Amino acid sequence: MPSYIPPFGMRTAIGLLGVLLAVHIAGFNEHITEIGLSDIRGAMHIGRDEGTWFISVYEAFNIAAMAFTPWFYVTFSIYRFAIFMTAALGLLAIPAPFMPDMLSLCLLRAAQGLSAGCLPPILMTVMLKYLPAQIRVFGIGAYAMSATFGPNLGGPLEALWFEHVGWRWLYWEALPLCAVAIGMMAYGLPRDPHGLARFRNFNWKGFLLGVPAICCVVTVLYQGDRLDWFRSPLITHLTFWGGGLFLGFLVHEWFHHTPFFRIQFWGNRNIAMSMLTLVAALVLCGILMAIPSTYLAEVRGYRPIQTAPIALVVALPQLILLPVTAALCNIRAVDCRYVLAFGMSCLGLACWLGTWLTPDWVRDNFYALQVLQIFGQPMVVIPTLVLATMGLGPADGPFISGMVNMLKGMANAVAAALFEILLRRREQYHSVMLLDHNGNQRTALAGQGDPIGSQIAATSPDAGHLARNAQQIFHTYLHEQSLVLALADIYFIMMWICVFYVVLTAILPERVYPPRVPSAPAPSTTAPAR
């Protein structure tokens, strides 16, 4: 039974805004608990290693849900499915602070990640389905907010809830907003029919291959660096079995008559380019957001509330820049490929400025980098989504929605894994080089005196105690310097990734045009033949 698409009006707009709010609630729930993990661990007496599972379990089920949601919302109807998952997201937050052990907390987080992951694909679908053609690009801009506005607002919200309300509200902040979102969706979303008969042709084999495969891959990305990758039997088994299941899933989807993913889309140059660019852009945004917070926390000792202005500088202007960028891409004379190249150039310039990072930097030094990201992030994400979606028909929506959202979620896992790998490896390299330089140049350095010893000489008469303190201070300075050099190296690597994608944008995608309402044929002015 086909869905009924009502004329677009205020009521439908309220329903779409309700879905947009629900997606932001899911994003806030993810990023607030991730940024405030150290505060949650302290309050709930969770160890550091256990805390990593708190994040990875949530993300594994979150990303798996994104991949398969399009089939389920078509089956149960968008209206019912969106309201149910938003309600589940809010209700599951209530018992979270009272979980008695880590196992029960991880099970609850898995269920919450599952409900949160179902919402972004719904947003992408309703924006493309219910918005008129002439403003459909603005729907893409609204969807892009979940990739630019939401993640940058997670840190300030974490600081607000923890510092001024209480740590339990790191979970409960979703409750009032979920109630508002459900009310808006119940009022405004069209009551499309369900199609439970679709279960007769459900792709069980693809589902049973895909869900564990995605969960295994995401767990490897989040836990691999902590467990030293393939020196860990767990990571080895997850990689082998997860990779095998994922390859089997892709082969199965290629030949299945009703797949979850239409793998053949990758033969389209625009879709292939946009998928690769979307992953790269979200990885870049994630790492560029992590570097200032890591530096300010590790080197300057900032709390999240002190780091919040850095994130707000990027987050709040997105409310203006996202619709402006969407309006720019909606102009037929503007080629969105040039907008994409300009946005990626802004991110590359921000990375180049970051290579000048020194231990003397404070929060104000990052503002120039953040201003470039204000323009770069929307000008990369929106043209990428335009390239991916504008050349498709309405029937292709469910097949592309799950793929785009799964890659969007996977990009966050890749960003976390890549940042941990680069930070640890480069910090170890610079630490070894600095120690080696200090050992080789000890005689020359001895002529400069002992600045550490002279500063602490009056603190204790015990020479052995002073020597131990001097060594500890020396290693603190060494850690600070090696961390700063490692972060500067990460900026340098990200800069060249931006350069690569600027070149790729120039040679790979073909131009697409914004949709237009078909014009009615002009009435004939010739007289009828007698």
Side-chain angles (χ1 to χ4, degrees), residues 27 30-31 34-35 55-56 59-60 62-63 66-67 120 143-152 154-155 214 217-225 272-294 311 314-315 318 340-341 343-352 354-355 369-370 372-385 387-388 403-426 486-505 508:
E30 174 187 356
H31 295 290
E34 184 175 346
I35 294 169
I55 298 297
S56 64
E59 293 293 342
N62 185 27
I63 296 171
M66 291 181 182
Y143 174 80
M145 290 180 68
S146 63
T148 58
F149 175 74
N152 287 296
I214 294 171
V217 172
V218 175
T219 303
V220 166
L221 290 172
Y222 275 97
Q223 297 290 337
D225 195 66
M273 166 65 188
S274 60
M275 296 293 185
L276 294 173
T277 306
L278 180 65
V279 172
L282 295 177
V283 168
L284 283 166
C285 293
I287 291 178
L288 291 179
M289 184 172 61
I291 292 176
S293 58
T294 300
V314 178
Q318 299 303 314
L340 172 59
M344 195 64 78
S345 300
C346 289
L347 295 181
L349 181 58
C351 294
W352 179 75
T355 60
L369 283 67
Q370 302 301 91
L372 288 168
Q373 291 181 58
I374 291 172
F375 296 94
Q377 290 187 11
M379 288 187 174
V380 168
V381 176
I382 290 180
T384 298
L385 295 173
L387 287 171
M403 196 185 306
V404 168
N405 283 279
M406 188 201 71
L407 289 175
K408 174 176 169 287
M410 198 69 75
N412 294 327
V414 172
L418 185 61
F419 182 71
E420 290 180 2
I421 293 170
L422 291 175
L423 183 62
R424 181 170 64 89
R425 298 294 174 88
R426 297 308 299 171
L487 294 175
D489 288 348
I490 295 174
Y491 271 128
F492 184 76
I493 294 170
M494 296 300 107
M495 179 190 72
W496 283 108
I497 291 176
C498 293
V499 171
F500 171 77
Y501 273 94
V502 169
V503 175
L504 198 65
T505 303
L508 190 57

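Note that this is a predicted model, so its numbers are computed, not measured. Because only heavy atoms are used, hydrogens play no part in the values below, and waters and symmetry mates are left out as well, while side chains stay in.
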For [X] and [Y], which heavy atoms make the closest approach, and how far apart are they?
X: Val283; Y: Ala411; result: CG2-O, 3.5 Å
X: Ala413; Y: Leu221; result: CB-CD1, 3.7 Å
X: Ala144; Y: Val381; result: CB-CG1, 3.6 Å
X: Ser56; Y: Gln223; result: OG-NE2, 3.0 Å
X: Ala290; Y: Ser293; result: O-OG, 2.9 Å
X: Pro383; Y: Pro378; result: CD-O, 3.6 Å

Between [Y] and [X], is there a side-chain heavy-atom distance shorter than 4.5 Å?
X: Met494; Y: Leu418; result: yes
X: Tyr501; Y: Leu284; result: no
X: Glu30; Y: Ile55; result: no
X: Met410; Y: Val217; result: yes
X: Trp496; Y: Phe492; result: yes
X: Pro120; Y: Met66; result: yes
X: Leu423; Y: Ile490; result: yes
X: Leu369; Y: Tyr491; result: yes

Nearest 0.5 Å, please: how far is [atom2] in [Y] from [atom1] in [X]?
X: Ile421; Y: Arg426; atom1: CD1; atom2: CZ; result: 13.5 Å
X: Asn405; Y: Asn62; atom1: CG; atom2: CG; result: 10.0 Å
X: Met344; Y: Thr384; atom1: CE; atom2: OG1; result: 6.5 Å
X: Leu487; Y: Phe419; atom1: CG; atom2: CZ; result: 5.5 Å
X: Ile493; Y: Ile287; atom1: CD1; atom2: CD1; result: 9.0 Å
X: Gln377; Y: Gln318; atom1: CD; atom2: CD; result: 5.5 Å

Between Gln373 (side chain only) and Val314 (backbone N and O only), is there a donor and an acceptor less than 3.5 Å apart? no

Is the CZ atom of Phe375 crowded by more than 12 outside heavy atoms at less than 6.0 Å? no

Could you please spell out the steps behind the side chain to side chain contact (heavy atoms under 4.5 Å, CB included) verdict for Met379 and Leu340? CA-CA 6 Å; Met379 288 187 174; Leu340 172 59; over 6 Å; no

